[in-house]
Amino acid sequence: MKPADAIRAELGRIARDLGAPDGTDVILERPRDRAHGDWATNVAMILARPLKQKPRDIAEKIREQFRAEGAGVASIDVAGPGFLNFRLRPEVIASVAGDIIEAGERYGRSDSGNGAKVNVEFVSANPTGPLHVGHGRQAALGDAIATLLEHTGWDVSREYYYNDAGAQIWNLMESVEARLKEAKGETAPIPEGGYHGEYIREIAASYVGEIDSLPAIQAHAVSELRREQDLDLAAFGVKFDTYFLESSLYDDLKVDMTVEALTQSGKTYEHEGALWLRTTDYGDDKDRVMRKNDGTFTYFVPDVAYHVTKWHRGFKRAINVQGADHHSTVTRVRAGLQALDIDIPEGYPEYVLHQMVTVTRGGEEVKISKRAGSYVTVRDLIDEVGRDAVRFFFLMRKGDSPLIFDVDLARSQSEENPVYYIQMAHARMCGIFRVGAEQGIVTGTAHADLSLLTEPEEQQLIKALEDYPAEVAGSAAALEPQRLASYLLETARLAHLWYHKHHVLGQEPPLMRARLVLARAAQIVIANGLSALGITAPERM
RNA sequence: GCGUGCGUAGCUCAGUUGGAUAGAGCGUCUGCCUCCGGAGCAGAAGGUCGUGGGUUCGAGUCCCGCCGCGCGCACCA
């Protein structure tokens, strides 16, 4: 049993004896201040009300009744308003390192998702141009969230929705047509709302079909751009399980069926030649048009039809990663799903929204990519700083905050660069084993006496490693990869600290063996954490 | 104006779903180490958590008002 579990069990037993109500959960947490001990609980404060006693009196009783030896506890203090602080025996803390090695790359995984299906949709760019940095943030976020969910026991499906129908595609087609005419020497301006990037000329140049066949031009442009985006995603190392085409919703009459069902529900009305949905019944600030007076549908109608397919495909949980500039769609899509009245939960789908990305180089904002014209592409970024740095930088801030991507920092091979810093900690641990092997030292970890790991830096590092599973679980539950990123930074710091202060190789064999276990455990945790974020853990740098 | 998100050290940001004296990196200052350079080590200073109320044993965290900034407010996506 893990030390924390032992304490929790003992606290549970005492709480019951004291007459705590059923369902009282005992929360153990790391005290913010290390001087307060290894674990703390506020259970005495929680029980104060139901037991009608002072928190400190309850805490005192718990302290007296606590059977410390079995739980590996060295001392218990009552502090502050009624906290119980536990200090563990050093060898109990150290024993965790052995468990980590045993679990290996499975360390940190859990099964709280129970294998339930969850759909994670992200990027979902219109095939009207190369992916820009915002899509990059989405790709990093979506992929990491998907992996975190996998690590916590969910059956995850990564999905990409191509908006290959509608007005944007029409604009794309007209833009390419204009460039085709231009190539023949005609004057042909890009239409309003059209695309001006250099890539439009490339698409026109590679077109070999009928010059006046608009459907052919459209098909060519869309397929070229999809191929282009696939290359962007491949460069980023993201793989999707499903590519869902918006056009298929029209082909399969899903859009018509959805409109029909919404009309049947009585939540729609005709007004000024358009068909409206009463989204105000579901918290929107005004009703929304479904069918425009030109007979075509507004974008959110296929979006509703699309989410109905997710539901029917067995995803009781769906998560959409999007730019916050699209946040107004949230209410509309959910309203449409509710109006259908087919038992879809109100909060379906869940949204993870992220704020803007700005790229800086030399302290100046970079605004333009040559190929795309008006924005910086993901590919530019990956080419310049590498996939790992791009991913980490996109993940280290919470989605709610705008993100400034400092290209100079991301490229830097120094410890100021957070990715480099974490990967370096991993490489250093690997270096110990590499050098050890060269010296003929057996770096196996069997028969180590971990109670020798008593240095403060060692105890602190081990405690951080012990927290890894909880960090993964918390990060996954909150859909917030940046938590894990922060954790890795802190853990890397502790690993560097330990490495600087204490040598492994060249120590007396028993101590060396114990430290080899710790080095291996640290290496495993950092590697697992990086992998959960989609970042590699190089063995040397 | 309405909706939404943000506001934490000089700078960049964490803050584990409401806990104890609010943390880290960079920068600054003081020592130490280094042939030089890059850097490394130990420590220090630095805060009215935008602001005013509220909720309770307890608020950076939850609720309301105000101020500032971003985003959205199309029969575009």
Side-chain angles (χ1 to χ4, degrees), chain A residues 27-37 40-42 44-46 48-49 54-56 77-85 124-126 128 134 161 163-172 192-193 246 271-276 283-303 322-332 351 353-356 358 360 363 396-404 406 409 413-418 421 467 470-475 477-478 480 482-487 489-490 492-494 496-497 499-501:
Chain A
I27 296 167
L28 258 204
E29 56 187 11
R30 294 290 190 191
R32 220 178 249 177
D33 189 338
R34 253 185 296 137
H36 289 141
T41 182
N42 62 352
M45 284 133 84
I46 301 281
R49 194 185 298 262
K54 291 178 189 165
R56 284 197 66 110
D77 294 307
V78 175
F83 286 103
L84 281 154
N85 292 333
S124 293
N126 298 339
T128 54
Y161 179 61
N163 293 102
D164 64 338
Q168 306 296 338
I169 296 297
W170 190 264
N171 290 337
L172 169 71
E192 191 168 338
E246 182 188 3
H271 179 65
E272 292 179 348
L275 181 67
W276 297 68
D284 206 350
D285 52 352
K286 56 184 168 188
D287 290 341
R288 303 292 168 173
V289 169
M290 294 170 59
R291 195 194 314 111
K292 298 179 255 180
N293 53 24
D294 68 1
T296 61
F297 297 107
T298 55
Y299 74 93
F300 94 91
V301 177
D303 230 14
Q322 297 186 351
D325 52 340
H326 285 208
H327 80 259
S328 61
T329 69
V330 174
T331 316
R332 263 169 260 184
Y351 283 87
L353 302 179
H354 67 83
Q355 300 290 329
M356 308 269 94
T358 44
T360 65
M396 67 183 179
R397 303 277 176 253
K398 61 179 155 194
D400 288 335
S401 318
L403 188 147
I404 296 168
D406 182 340
L409 182 61
Q413 301 282 301
S414 77
E415 296 194 352
E416 285 173 37
N417 179 348
Y421 187 73
D467 289 341
E471 291 290 338
V472 171
S475 215
E480 290 181 351
Q482 94 278 353
R483 284 199 201 176
L484 189 57
S486 296
Y487 165 83
L489 217 40
E490 171 65 10
R493 196 178 69 84
L494 295 173
H496 283 299
L497 227 55
Y499 178 90
H500 278 304
K501 192 138 183 184

**Report entry** Separation of the P atoms in B:A9 and B:G60, to the nearest angstrom
**Finding:** 15 Å
Query - From B:A20, B:C75, B:U16, nucleotide with atom closest to A:N85 side chain - result: B:A20
Report task. Report the distance from atom CG of A:N126 to atom CG of A:N163, rounding to the nearest 0.5 Å. Result -> 4.5 Å
Report task. Quick one: label A:H326 by what it contacts on the DNA or RNA (base, sugar-phosphate, nothing), any heavy atom closer than 4.0 Å. Result -> base
**Report entry** Nucleotide B:G27, atom P - distance to CG of A:L409 in whole Å
**Finding:** 12 Å
Query raised in the report: Paired with B:G37: which nucleotide, if any, by Watson-Crick or G-U wobble criteria at under 3.5 Å for both distances?
Result: none
Requested in this report: Assign A:A48 to base, sugar-phosphate, or nothing according to its heavy-atom contacts below 4.0 angstrom with the strands shown.
Outcome: nothing
Requested in this report: Write down the distance separating the C1' atoms in B:A14 and B:U61, rounded off to the nearest Å.
Outcome: 14 Å
**Report entry** Rounded interatomic separation in angstrom, taking OH from A:Y351 and P from B:G3
**Finding:** 20 Å
Requested in this report: Classify the nucleic acid contact of A:N126 as base, sugar-phosphate or nothing, counting any heavy atom under 4.0 Å across all strands shown.
Outcome: sugar-phosphate
Query raised in the report: Once you round it to whole Å, what is the distance between C1' of B:A77 and CG of A:D164?
Result: 13 Å
Query raised in the report: For A:A40, which contact category applies under a 4.0 Å heavy-atom criterion: base, sugar-phosphate, or nothing?
Result: base
Query raised in the report: When you measure from the side chain of A:M356, which nucleotide among B:C75, B:C71, B:A42 comes out closest?
Result: B:C71
Query raised in the report: Rounding to a whole Å, what distance do you find between A:H496:NE2 and B:G25:C1'?
Result: 13 Å
Report summary line: Residues A:D284 and A:R332: closest non-hydrogen pair is OD2-CG, 3.7 Å
Report task. Give the nucleotide from the list B:G40, B:G19, B:A77 with an atom nearest to the side chain of A:E415. Result -> B:G40
Requested in this report: Tell me what A:R397 touches on the nucleic acid: a base, only sugar-phosphate, or nothing, going by heavy atoms under 4.0 Å.
Outcome: sugar-phosphate
Report task. Pick the P atom in B:A42 and in B:G58, then give their distance to the nearest Å. Result -> 40 Å
**Report entry** Closest listed nucleotide, where the reference is the side chain of A:P31 and the choices are B:A20, B:C76, B:G5
**Finding:** B:A20
**Report entry** C1' gap between B:A59 and B:G53, integer Å
**Finding:** 13 Å
Query - Under 3.5 Å on both distances, the Watson-Crick or G-U partner of B:G25 - result: B:C11
Requested in this report: Would you indicate what A:M45 reaches in the nucleic acid, counting non-hydrogen atoms under 4.0 angstrom: base, sugar-phosphate, or nothing?
Outcome: base
Query raised in the report: Distance between the P atoms of B:A44 and B:A22, in whole angstroms?
Result: 16 Å
Report task. Check whether the aromatic ring of A:H36 stacks on the base of B:A20, taking stacking as ring centres less than 5.5 Å apart and planes within 30° of each other. Result -> yes
**Report entry** Heavy-atom pair with the smallest gap, counting every atom of A:Y161 and A:D303
**Finding:** CE2-OD1, 3.6 Å
Query raised in the report: With both distances under 3.5 Å as the test, what is the Watson-Crick or G-U wobble partner of B:G70?
Result: B:U4
Query raised in the report: Which is true for A:Q482 with a 4.0 Å heavy-atom rule: it touches a base, it touches only sugar-phosphate, or it touches nothing?
Result: sugar-phosphate
Query raised in the report: What integer number of Å spans the C1' atoms of B:U12 and B:U28?
Result: 16 Å
Query raised in the report: More 5' along RNA chain B: A:I404 or A:K501, using each one's nearest nucleotide?
Result: A:I404
Report task. Grab the two heavy atoms, one from A:Y299 and one from A:T329, that are nearest each other, plus how far apart they are. Result -> OH-CG2, 3.4 Å
Query raised in the report: Should A:E272 and A:N293 count as side-chain neighbours, where that means a heavy-atom distance under 4.5 Å?
Result: no
Query raised in the report: Heavy atoms under 4.0 Å, any strand shown: does A:A79 hit a base, just sugar-phosphate, or nothing?
Result: base
Query - Shortest side-chain distance from A:W276, nucleotide among B:C75, B:A77, B:G15 - result: B:C75
**Report entry** A:N293 side chain, from C-beta outward: closest of B:C75, B:U17, B:A14
**Finding:** B:C75
**Report entry** A:K398 side chain, from C-beta outward: closest of B:A14, B:G19, B:C75
**Finding:** B:A14
Query - Watson-Crick or G-U counterpart of B:G52, or none if no pair lies under 3.5 Å - result: B:C64
Query raised in the report: Using the C1' atom in both, what is the distance from B:C13 to B:A77, to the nearest Å?
Result: 33 Å
Report summary line: Partner of B:A20 under the Watson-Crick or G-U wobble criteria, both distances under 3.5 Å, comes out as none
Requested in this report: Using atom CG of A:L489 as one end and atom C1' of B:C26 as the other, report the distance to the nearest whole Å.
Outcome: 12 Å
**Report entry** Side-chain donor/acceptor contact of A:D400 with base of B:C6 under 3.5 Å
**Finding:** no
Query - Atom-pair distance (CZ on A:F297; P on B:A77), nearest Å - result: 12 Å
Requested in this report: Would you please determine if the base of B:A20 is stacked by A:F83, with stacking meaning a centroid separation under 5.5 angstrom and planes under 30 degrees?
Outcome: yes
Query - Pairing nucleotide - B:G46, Watson-Crick or G-U, each distance under 3.5 Å - result: none
Query raised in the report: Whole Å only: how far is the CG atom of A:L353 from the P atom of B:G3?
Result: 18 Å
Report summary line: For A:H496 and A:Y421, the nearest pair of non-hydrogen atoms, with its separation, is NE2-O, 3.0 Å
Query raised in the report: What heavy-atom pair brings A:Q355 and A:A324 nearest, and what distance separates the two atoms?
Result: NE2-CB, 3.6 Å
Query raised in the report: For A:D325 and B:G70, what is the distance between atoms CG and P respectively, to the nearest whole Å?
Result: 15 Å
Report task. Tell which nucleotide pairs with B:A59, taking only Watson-Crick or G-U wobble pairs whose two distances are both under 3.5 angstrom. Result -> none
Requested in this report: For nucleotides B:C67 and B:A24, find the distance between their P atoms and express it as a whole number of Å.
Outcome: 36 Å
Query raised in the report: Is any side-chain N or O of A:D285 under 3.5 Å from a base N or O of B:G3, one able to act as donor and the other as acceptor?
Result: no
Report task. Record whether the side chain of A:D303 comes under 3.5 Å of the base of B:A77 through a donor-acceptor pair of N or O atoms. Result -> no
Report task. Look at atom NZ of A:K292 and say whether more than 12 heavy atoms of other residues, nucleotides or ligands are closer to it than 6.0 Å. Result -> yes
Query raised in the report: When you match A:E29 and A:L403 each to their closest nucleotide on RNA chain B, which lands nearer the 5' end?
Result: A:L403
Report task. Find out whether A:H326 and A:Y351 are in side-chain contact, i.e. whether some heavy atom of one side chain is under 4.5 Å from a heavy atom of the other. Result -> no
Query - Shortest non-hydrogen contact from A:E471 toward A:R483 - result: OE1-O, 4.2 Å
Requested in this report: Using only heavy-atom distances, decide whether a donor-acceptor pair under 3.5 angstrom links the side-chain of A:H327 to the base of B:G3.
Outcome: yes
Requested in this report: Decide, for B:U17, between syn and anti: a glycosidic angle within 90° of 0 counts as syn, anything else as anti.
Outcome: syn
Query raised in the report: So what does A:K286 touch, heavy atoms closer than 4.0 Å: a base, only the sugar-phosphate, or nothing?
Result: sugar-phosphate
Report summary line: Per atom distances to the A:L497 side chain, the nearest of B:G40, B:C76, B:A42 is B:A42
